[in-house]
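To start, the structure under review is shown below, and the notes come after it.
Remember, it's 1-based here, ligands and their atoms both numbered in the order they're listed.
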Amino acid sequence: MSKADNFKVTPYNVAGNVDYEKLISEFGTKPITGELMRRIEKLAGESHFMLRRGIFFTHRDLPWLLDEYEKGNAFYLYTGRGPSHHTHIGHLVPWIFTKWLQDRFGAKLIFMLTDDEKFLSEEKLDLNDTHQLAYDNALDVVALGFDPSKTEIIIDTDYAKTLYREALKIAKKINFSTVKAAFGFSGSTNIGFIFYTSIQAVPSILESVRKGERVPCLIPHGVDQDPHFRVTRDVLPHLGYYKPASIQSIFLPPLSGIQGKMSSSDPNNTIFVTDSPDTVKRKIRKYAFSGGQPTVEEHRRLGGNPDVDVSFQWLRIMFEPDDRRLNKIREDYLSGALLTGELKEILIEKINTFLAQHQEKREKAKNRLEDFLIRD
Ligand code: TRP
């Protein structure tokens, strides 16, 4: 947390204008250097735009993980989502990258849906709501095309027996002061949160528990989740496990401006994966913060600022993987040749094409959920 800098990033609160460079030093993670990027690309056999563009910008222990991989000690992937609402497009950023890692490294994936966590954190949701939402969100995971033979989806309350046993062992090694400092808890925080981090830790040892030997784990996640895994990493060696490695992404900004993190609680700031084409059109046209000039005349003369323009940023982070096309859009916007309205139409078209396909796959996923879910 960095009150002096006017931003704050914890798993339970992202506020202010997030300075990702500062976060690296505050959290004590490592930047993804050009050299590391090339190493990943070489092993993957191709490059990924989210790496090239610094969308995934920081990590923990990646060189170690790749060393192990090169020695034939394959890693598995772990990521997750707190089901508090329909999935929004910002959630898909790490999932799309995780899918790429699964494909390129042949890695197994454990995907955790934390209905327990969201019950604790969302005032208005009861356990049936978050459980239902976990099933709803699982459709989006399946729709992205993860390999069913290599992917397990855990809904916490449906896998509680296994999770609880391992979480207890982890919880016994974490003290209250550590959790309080890592998450910014106060005297009025409900006590469920204090234990919860040990539940979120479990998938990072689950393969090792099952196999009876240490298996390296890589966690792709949004940078706000780092406090959980920082605590996890401190504890696991004491229990005889590897520390999980991580690769961490920036947030997709809300429509209202490039600061902060998209949140489901403000529907006009967010695009849900279930939004209709007309809703997408309306939200982008009306709410997407523009880096353009107030009048067409001025825009033609002075050009726009893609760095603060939400439509441009969404193209950069997620919707325009082609570097040449993205650069052309950037240059045309900077020169004033491309107007804000036109830029927004490019984005609307991209999102609606993506969502049309996603929604179709999401429908089909309803019959395939059982290929992915595990229970105990
Ligand atoms: N706590 C996360 C959330 O609120 C959900 C989650 C559980 C997660 N395990 C994870 C996210 C691992 C990323 C990686 O969304």
Look at the aromatic rings of [X] and [Y] and report parallel, tilted or perpendicular, splitting at 30° and 60°.
X: F105; Y: W100; value: perpendicular
X: Y69; Y: F75; value: tilted
X: W314; Y: F319; value: tilted
X: Y242; Y: W64; value: perpendicular

With a cut-off of 4.0 Å, which atoms of ligand 1 are near a heavy atom of [X]?
X: G80; value: 5 (C), 6 (C), 8 (C), 10 (C), 11 (C), 12 (C), 13 (C), 14 (C)
X: Y78; value: 7 (C), 9 (N), 10 (C), 12 (C)
X: T114; value: 5 (C), 7 (C)
X: E117; value: 1 (N), 2 (C), 3 (C), 4 (O), 5 (C)
X: Q200; value: 1 (N), 2 (C), 6 (C), 7 (C), 8 (C), 9 (N), 10 (C)
X: H221; value: 13 (C), 14 (C)
X: G82; value: 3 (C), 4 (O), 5 (C), 15 (O)
X: K118; value: 4 (O)

Using heavy atoms and a 4.0 Å limit, tell me yes or no: is H91 in contact with ligand 1? no
Could you go through residues 47-56 and list every donor-acceptor pair under 3.5 Å that involves a side-chain atom there, pairing it with any protein atom two or more places apart or in another chain?
{"residue": "S47", "atom": "OG", "partner": "E41", "partner atom": "OE2", "Å": "3.2"}
{"residue": "S47", "atom": "OG", "partner": "R52", "partner atom": "NH1", "Å": "2.6"}
{"residue": "H48", "atom": "ND1", "partner": "M50", "partner atom": "N", "Å": "3.0"}
{"residue": "R52", "atom": "NE", "partner": "D323", "partner atom": "OD2", "Å": "2.7"}
{"residue": "R52", "atom": "NH2", "partner": "D323", "partner atom": "OD1", "Å": "3.3"}
{"residue": "R52", "atom": "NH2", "partner": "D323", "partner atom": "OD2", "Å": "3.2"}
{"residue": "R53", "atom": "NE", "partner": "D323", "partner atom": "OD1", "Å": "3.2"}
{"residue": "R53", "atom": "NH1", "partner": "R316", "partner atom": "O", "Å": "2.9"}
{"residue": "R53", "atom": "NH1", "partner": "E320", "partner atom": "O", "Å": "2.8"}
{"residue": "R53", "atom": "NH2", "partner": "E320", "partner atom": "O", "Å": "2.9"}
{"residue": "R53", "atom": "NH2", "partner": "P321", "partner atom": "O", "Å": "3.1"}
{"residue": "R53", "atom": "NH2", "partner": "D323", "partner atom": "OD1", "Å": "2.7"}

What part of [X], side chain, backbone, both or neither, has a heavy atom within less than 4.0 angstrom of ligand 1?
X: R81; result: backbone
X: T79; result: both
X: F229; result: side chain

Looking only at protein heavy atoms, which one is nearest to atom 2 (C) of ligand 1, and how far off is it? Q225 OE1, 3.3 Å
Pi-cation contact, Y159 with R375 (under 6.0 Å, within 45°): no
I would like to know whether D140 and T87 meet side chain to side chain donor-acceptor pair (under 3.5 Å); could you show each step before the answer? CA-CA 7 Å; D140 297 305; T87 305; 2.7 Å; yes
Looking only at the side chains, is there a donor atom on one of D116 and T157 sitting less than 3.5 Å from an acceptor on the other? no
Are any of the N or O atoms of H228 closer than 3.5 Å to those of ligand 1? no
How far apart are the closest heavy atoms of F251 and D224, and which atoms are they? CE2-OD1, 3.5 Å
